[in-house]
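First comes the structure, then the notes that go with it.
We name chains A, B, ... by the order of the sequence lines, and we start the count at 1 in each one.
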Amino acid sequence: MKNRTIDLRGKVCPFPIMEVISIVDEMNPLESVSFQIDDPLALKSIPEELSDYADLKICIKKITSYWEITINKS
Amino acid sequence: MLKQLFNKSMIMIILFSTLNIIMYFSIKKFWIGGSSFLPMIGNFGPNNAFLFAFLVNMGVIVGAFGGAMMSKEFNLKIPRPKDIPKAIIGGVLIGIGITLAPGTCTTSFVIGFPMLSISSFISGAGIFIGGYIVYLVIIKKNLTK
Amino acid sequence: MTFSLLLTFGFLFGIGLGFFIQRAGLCFAHGLGEIFIGKPKRIIRMTLLIFIISALGFYLSSFVSPELGLKPIGELRGFGFYNLLSGMIFGAGIILNGGCILGTLRQLGEGNLLFLIVLLSFIPGMALVVFILNPLLNHSYHVQNIILPGLINIDPGYIIFPSVLGAMVWYTLLSLKRN
């Protein structure tokens, strides 16, 4: 299971949401990608936008000054 | 079903819109965006209307601060030098956009559409077109393929 | 009511509005980004909800006081040419710096000082139009303050209720539809 970490901290909106969506749409089954986000709005919209994908599991972890959103594709 | 219809974000949008209507009923004012910044260049507007709108928007900053603190999303971020030019250019473009034709900004979507204001429908189309051009020219090629 | 009391109320209402948009995560720069990347559902749902509540509220307020009701927002300048042009300039600006008006205020409240620079950068843009362009243009364009019911000369109710109903149906379908 390949796990990539993509650092989107400091990226100005709407870039984070667009980057996440374009990567998630290209993910292969059993792949896992972690995004480092420090934009509170992206923190809300990413899980909402991806809630429709039945084959994705989303886990959010708060690190010090940012969040790590890990997306696993089954 | 209900959870699908109204998640937390949508409930907050309902409260935002309802509060704006309560403001209209109670003090005969509603939220506006663009013109509210004209006091920054000395224009307080008819009957100080823009000054009032400016105060509302200073309150919006304080309220957003409260929301961020409550949800532990407050994060003091010092601008990175490389982001500053885009911020300045973007800010100048916004300044031009909100004054070249008043009511042309977020106000169009939040107030103009519900008021059935013709200028807001046209402004809204313009905002979409202008945004799409910048997306194509600058953002799209930086997205991971 | 004294003007200072009105300002106080305005500031307090602003705090409430700011709290809700921060908790909602509302920003039209972000929303346009979602639309351009092919995920328009969230921002359309938010805009529909704002429309449903505000259109009903603004329309019904006319029965409470003649001073209220539907009002033109801004001005139709040059039969809409300047509205389209300024919209394009505004749209380009918000996608470039990552925040519409509400987005700029919200991110300032969240501690992102980049948006203090954005806010201060409004000043030269506004000054350019107000002190240089407007005197040059000097109202060489046709100005109208008009809402749709006035344009087609029918009672606003005949537009508000069908459009609010349509927005409710669209909102429900969008909410239940999976991407």
### Task
Please state whether the side chain, the backbone, both or neither of A/L43 comes within less than 4.5 Å of a heavy atom of chain B.
side chain

### Query
Taking the inter-plane angle between the rings of B/Y132 and B/F128 on a 0 to 90° scale, is it parallel (under 30°), tilted (30 to 60°) or perpendicular (over 60°)?
parallel

### Query
Given a strict heavy-atom distance threshold of 4.5 Å, which part of A/D38 is in contact with chain B: side chain, backbone, both, or neither?
both

### Query
Top residue by heavy-atom pair count (under 4.5 Å) with chain B, among A/K44, A/M18, A/K62?
A/M18

Can you give me every donor-acceptor pair (side chain of residues 54-62 of chain B, partner residue at least two apart or in another chain, under 3.5 Å) with its distance?
from	atom 1	to	atom 2	distance (Å)
B/N57	OD1	B/W31	NE1	2.6
B/N57	ND2	B/I32	O	3.2
B/N57	ND2	B/S36	OG	2.7

### Message
Can you pull out every side chain to side chain donor-acceptor pair (under 3.5 Å) where at least one residue sits in residues 9-23 of chain B? Sequence neighbours excluded, please.
### Response
A/E48-B/S9

### Query
Given that the side chain runs from C-beta out, which part of B/F74 has a heavy atom under 4.5 Å from chain A: side chain, backbone, both or neither?
neither

### Task
Could you check A/I69 against A/I58 for side-chain contact (heavy atoms from CB on, under 4.5 Å), going step by step and ending with a plain yes or no?
CA-CA 7 Å; A/I69 300 179; A/I58 302 163; 3.8 Å; yes

